[in-house]
Trainee: 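The structure that follows is given in the form of structure tokens.
Counting from 1, the numbers follow the sequence of the chain as shown.
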Amino acid sequence: MRPNVEIMKSILASAHLAMVFRICIGLVFIYASMSKIPYPAQFAESVAAYRLVPHWGVNLVAVILPWLELICGLSLIIGLRTRAAVSIAGVLLVMFMVFILINMYWGSPISCGCYDTVGEEIGWRKIAENLMLVLMAVQVFFFDRIYLLSRLYNQLAGKFF
């Protein structure tokens with residue numbers, strides 16, 4: 001029985017699994033940003049529906065958040081500053097879960113606003129989806145060791161700095 005535990009530990013601590021998770025999280029974040037960037041007004045309505053962002057900050061969040069998602073997603077996919085990107089992504093995912101849970105508690109029948117402006121309603125499915133992405137992000141944070149552009153980045157940084 002002990003060898004099975006060791007095999008499972010080596011799989012969970014694998015840098016290759018972290019790379020797969022990193023790319024998955026990156027794709028999710030890029031996909032999420034693609035419907036929000038061209039339509040900030042509709043996304044602002046989704047942000048306002050949560051009733052957790054002050055009125056003066058709704059438009060700011062609606063403009064900045066999709067670009068932050070896109071930058072994090074691209075950074076995760078290309079392997080540039082992955083610990084920072086996965087940390088930001090993890091914080092955003094936890095924040096999204098808290099916002100959804102608060103609105104579920106209030107009984108608000110609002111759409112998620114995750115991937116499009118008229119998405120599915122908030123619920124336990126979204127919590128489970130975000131929790132799974134957070135667990136993937138934790139694994140990436142601790143075990144990611146494959147950086148696709150690290151050699152190029154180090155060479156360029158050495159020439160200019």
Trainee: Check whether Met104 and Val94 end up in the same hydrophobic cluster, where Ile, Leu, Val, Met, Phe, Trp and Tyr are linked by side-chain heavy atoms less than 4.5 Å apart.
Mentor: yes

Trainee: So do Val20 and Met136 actually touch side chain to side chain, heavy atoms under 4.5 Å?
Mentor: no

Trainee: I want to check something: taking the side chain as every heavy atom from C-beta on, are Ile110 and Arg51 in contact at a cut-off of under 4.5 Å?
Mentor: no

Trainee: Can you name the nearest heavy-atom pair linking Pro66 to Ser33, along with the distance?
Mentor: O-CB, 3.2 Å

Trainee: Once you round to the nearest 0.5 Å, how far does CZ of Phe141 lie from OG of Ser87?
Mentor: 4.5 Å

Trainee: Does some side-chain heavy atom of Trp106 sit less than 4.5 Å from a side-chain heavy atom of Leu52?
Mentor: yes

Trainee: Kindly give the heavy-atom pair with the smallest separation between Cys114 and Ala32, and that separation in Å.
Mentor: O-CB, 3.5 Å

Trainee: With a 4.5 Å heavy-atom cut-off, do Ile30 and Leu76 have their side chains touching?
Mentor: no

Trainee: Should the heavy atoms of other residues, nucleotides or ligands under 6.0 Å from CZ of Phe99 be counted, would the total exceed 12?
Mentor: yes

Trainee: Leu92, Val98: one ILVMFWY side-chain cluster at the under-4.5 Å cut-off?
Mentor: yes

Trainee: Are Ile100 and Met132 connected into the same hydrophobic cluster when the rule is that any two of I, L, V, M, F, W, Y join if their side-chain heavy atoms are below 4.5 Å apart?
Mentor: yes

Trainee: Do you know the tightest heavy-atom contact between Val63 and Pro40?
Mentor: CG2-CB, 4.4 Å

Trainee: Among His16, Arg22, Arg83, which residue meets the side chain to side chain donor-acceptor pair (under 3.5 Å) test with Asp144?
Mentor: Arg22

Trainee: Which heavy atom of Val58 sits nearest to which heavy atom of Val53, and what is that distance?
Mentor: N-CG1, 3.8 Å

Trainee: Quick one: CG on Leu74 to CG on Leu27, what's the gap to the nearest 0.5 Å?
Mentor: 10.0 Å

Trainee: Do Lys126 and Phe96 have side chains that get closer than 4.5 Å, going by heavy atoms?
Mentor: no

Trainee: Could you check if a side-chain atom of Val28 sits within less than 4.5 angstrom of a side-chain atom of Glu129, using non-hydrogen atoms only?
Mentor: no

Trainee: Kindly give the heavy-atom pair with the smallest separation between Cys72 and Ile88, and that separation in Å.
Mentor: SG-CG2, 3.4 Å

Trainee: Could you grab the distance from atom CG of Asn130 to atom CE of Met95, nearest 0.5 Å is fine?
Mentor: 10.5 Å

Trainee: Could you pull out the closest heavy-atom pair between Asn59 and Ala44, with the gap in Å?
Mentor: OD1-CB, 3.7 Å

Trainee: What's the separation between atom CG in Leu68 and atom NZ in Lys36, rounded to the nearest 0.5 Å?
Mentor: 10.5 Å

Trainee: Can Leu60 be reached from Tyr39 by stepping across I, L, V, M, F, W or Y side chains whose heavy atoms are under 4.5 Å apart?
Mentor: no

Trainee: With a 4.5 Å limit on heavy-atom distance, are the side chains of Ile102 and Tyr50 in contact?
Mentor: no

Trainee: To the nearest 0.5 Å, tell me how far Glu69 CD sits from Met34 CE.
Mentor: 10.0 Å

Trainee: Are Leu131 and Tyr105 connected in a single hydrophobic cluster, I mean Ile/Leu/Val/Met/Phe/Trp/Tyr linked by side-chain heavy atoms less than 4.5 Å apart?
Mentor: yes

Trainee: Could you measure the distance from the CG atom of Leu65 to the CD1 atom of Ile37? Nearest 0.5 Å is fine.
Mentor: 10.0 Å

